[in-house]
Amino acid sequence: MERETHVNKHPSLVDTSSGTTYSIDQPRWCAPDGRPLLVEELPGISRSAIDFKERSIWRYKNALPIPIEDPVSLGEGCTPLVNVLFGGLECKCKLEWFSPTGSFKDRGTSVMISLLKQQGISSIIEDSSGNGGASVAAYGAAAGMAVTIYVPASTQPAKIAQIKAYGAAVVSVEGPREATESAAMEAAANVFYASHNWHPFFLQGTKSLGYEIWEDLGYSVPDNLVIPGSAGSNVLGCYFAFKELMRSGETDRMPRIFVSQPANCSPLHTSFQSGSEDYVESMVFPTVAEGTAIRRPIRLREMIGALKATNGGTVVSTEQEIIDASFALAQRGLYVEPTSAQAASGFMKLIESGAIREDEVTVALLTGSGLKATAFYTDQLE
């Protein structure tokens with residue numbers, strides 16, 4: 001495709017490695033050479049541009065790069081932010097499992113599916129370890145699309161049942177998480193690949209989380225964010241949101257972003273701690289935090305850049321620490337899947353190491369419901 005310039009009537013998609021830009025108007029999930037794309041930097045919005053009548057992420061619709069005429073929304077966003085004493089220390093927890101399908105993925109999916117519907121896409125495929133697939137299946141159903149979800153054979157049965165209940169076809173793939181992605185990408189030769197890991201508009205939805213935290217805190221910025229991360233959609237979404245709030249003049253500082261990963265699969269932690277700006281090979285083993293079990297995230301360089309730009313960092317938890325954190329949260333009334341619990345474990349370890357202080361305002365993201373991990377809890381309780 002021909003290189004396009006910035007004379008378009010609205011921002012473009014950009015390949016950050018080459019600088020080549022492409023029109024948003026054409027359905028596209030990657031560059032022609034297979035590299036990932038992002039939306040060009042946006043000016044952001046001030047509080048006066050929030051649509052206060054809208055009780056969903058669409059209250060921030062003016063922060064999107066193009067108008068969406070008929071959003072596909074199920075009421076995602078506006079999730080609770082609660083104070084939790086964890087290990088005797090206060091942390092503000094953002095309860096993202098209050099989203100319609102039980103995970104934060106609904107933010108990105110709502111915006112991505114809304115764009116695809118506007119572009120005339122009627123049939124899609126996606127690969128997921130569970131939550132992303134459930135979200136795409138739900139919003140695809142709401143948009144009247146035919147949906148096929150590729151999942152690892154090890155996916156929690158509760159998540160597969162949820163995907164099928166929405167009417168999506170499910171294809172189970174043996175092998176590591178990467179094998180599922182490869183199978184879906186191969187099938188994408190004939191059907192549009194609506195990947196929550198690849199499509200640049202997914203991040204335009206997850207950035208609503210940053211705007212929402214800012215609004216939750218009375219239009220102020222927390223000192224720290226602790227995010228369970230793998231592909232980085234929450235990491236980059238929050239990073240983009242707070243950069244936009246700086247551009248719009250609503251704040252003059254960024255929160256420090258910390259990413260919590262399982263020690264059994266921690267490519268971002270390994271790469272960041274080595275001082276590299278790119279992927280560093282590390283050993284990978286199965287983990288109870290299956291939602292973060294991605295060996296090689298496609299936007300790892302961008303995540304490293306976000307951590308460095310915010311003076312943030314990374315932390316890892318053992319399998320037992322994640323299990324313990326899951327039950328510690330449950331005993332405080334917060335029933336989350338293990339992937340989410342590592343944010344709480346990470347918070348405690350960051351406090352212990354001195355990376356963050358007790359007197360700072362820290363927000364931890366609890367990204368998915370424990371109802372999606374019934375088998376995990378059943379096994380542990382037995």
Side-chain angles (χ1 to χ4, degrees), residues 29-31 33-37 101 103 105 108-109 112 123-137 140 146-164 166 168-200 202 228-233 261-271 278-303 316 319 322 337-339 342 367-368 372-373 375-376:
W29 59 270
C30 71
D33 61 2
R35 287 191 287 201
L37 298 171
T101 74
S103 86
K105 297 282 175 50
T109 303
M112 177 181 71
S123 183
I124 57 176
I125 61 173
E126 149 82 315
D127 62 275
S128 167
S129 61
N131 286 339
S135 186
V136 170
V147 180
T148 301
I149 308 294
Y150 284 69
V151 301
S154 59
T155 299
Q156 292 268 356
K159 294 181 179 180
I160 294 176
Q162 184 182 11
I163 293 169
K164 289 182 176 179
Y166 293 128
V170 173
V171 178
S172 180
V173 180
E174 297 289 343
R177 176 66 178 85
E178 293 74 23
T180 305
E181 182 184 62
S182 297
M185 291 176 73
E186 185 177 344
N190 303 308
V191 182
F192 190 84
Y193 186 38
S195 169
H196 69 281
N197 289 333
W198 279 87
H199 201 289
F202 193 89
S230 55
S233 56
Q261 294 194 304
N264 278 11
C265 185
S266 54
L268 175 61
H269 175 78
T270 300
S271 301
D278 210 336
Y279 178 76
V280 173
E281 192 71 43
S282 61
M283 298 291 288
V284 173
F285 303 96
T287 174
V288 293
E290 62 179 11
T292 47
I294 295 180
R295 179 189 295 268
R296 189 163 187 160
I298 63 168
R299 293 191 172 93
L300 185 135
R301 286 178 61 91
E302 287 81 1
M303 283 193 282
V316 294
E319 294 297 286
I322 296 170
E337 60 179 333
T339 295
Q342 66 183 304
T367 52
K372 292 172 174 283
F376 160 78

Considering all heavy atoms, the nearest [X]-[Y] contact:
| X | Y | value |
| --- | --- | --- |
| Thr292 | Thr339 | CG2-CG2, 3.8 Å |
| Ser266 | Val316 | CB-CG1, 3.7 Å |
| Asn264 | Pro286 | ND2-O, 2.6 Å |
| Ile163 | Gly133 | CG1-C, 3.8 Å |
| Leu37 | Pro200 | O-CB, 3.4 Å |
| Met185 | Tyr193 | CG-CE2, 3.6 Å |

Any side-chain donor paired with an acceptor under 3.5 Å for [X] and [Y]?
| X | Y | answer |
| --- | --- | --- |
| Lys372 | Gln156 | no |
| Glu319 | Thr287 | yes |
| Ser154 | Glu290 | no |
| Glu337 | Asn131 | yes |

Atom [atom1] of [X] and atom [atom2] of [Y]: how far apart are they, to the nearest 0.5 Å?
| X | Y | atom1 | atom2 | result |
| --- | --- | --- | --- | --- |
| Leu268 | Arg296 | CG | CZ | 13.5 Å |
| Phe192 | His199 | CZ | NE2 | 4.0 Å |
| Trp198 | Arg35 | CH2 | CZ | 10.5 Å |
| Asp127 | Asn197 | CG | CG | 6.5 Å |
| Tyr166 | Ile149 | OH | CD1 | 11.5 Å |
| Glu181 | Glu186 | CD | CD | 13.0 Å |

Indicate yes or no: at least one non-hydrogen side-chain atom of [X] is less than 4.5 angstrom from one of [Y].
| X | Y | value |
| --- | --- | --- |
| Val284 | Cys265 | yes |
| Met303 | Pro297 | yes |
| Gln162 | Thr101 | yes |
| Ser195 | Trp29 | no |

Check: Pro267 main-chain N/O paired with Thr270 side-chain donor or acceptor under 3.5 Å
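Not at all, since once roles are kept as given, no pair shorter than 3.5 Å links the two residues.
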Is a side-chain N or O of Gln261 found less than 3.5 angstrom from the main chain of His269, in a donor-acceptor match?
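Checking the backbone N and O of His269 against the side chain of Gln261, a donor-acceptor pair under 3.5 Å is found.
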Per the side-chain contact (heavy atoms from CB on, under 4.5 Å) rule, which among Pro176, Ser230, Ser129 passes with Ile294?
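The residue from Pro176, Ser230, Ser129 that satisfies side-chain contact (heavy atoms from CB on, under 4.5 Å) with Ile294 turns out to be Ser230.
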Between Ser128 and Val136, is a side-chain contact (heavy atoms from CB on, under 4.5 Å) present by the stated rule, with each step listed?
CA-CA 9 Å; Ser128 167; Val136 170; over 6 Å; no
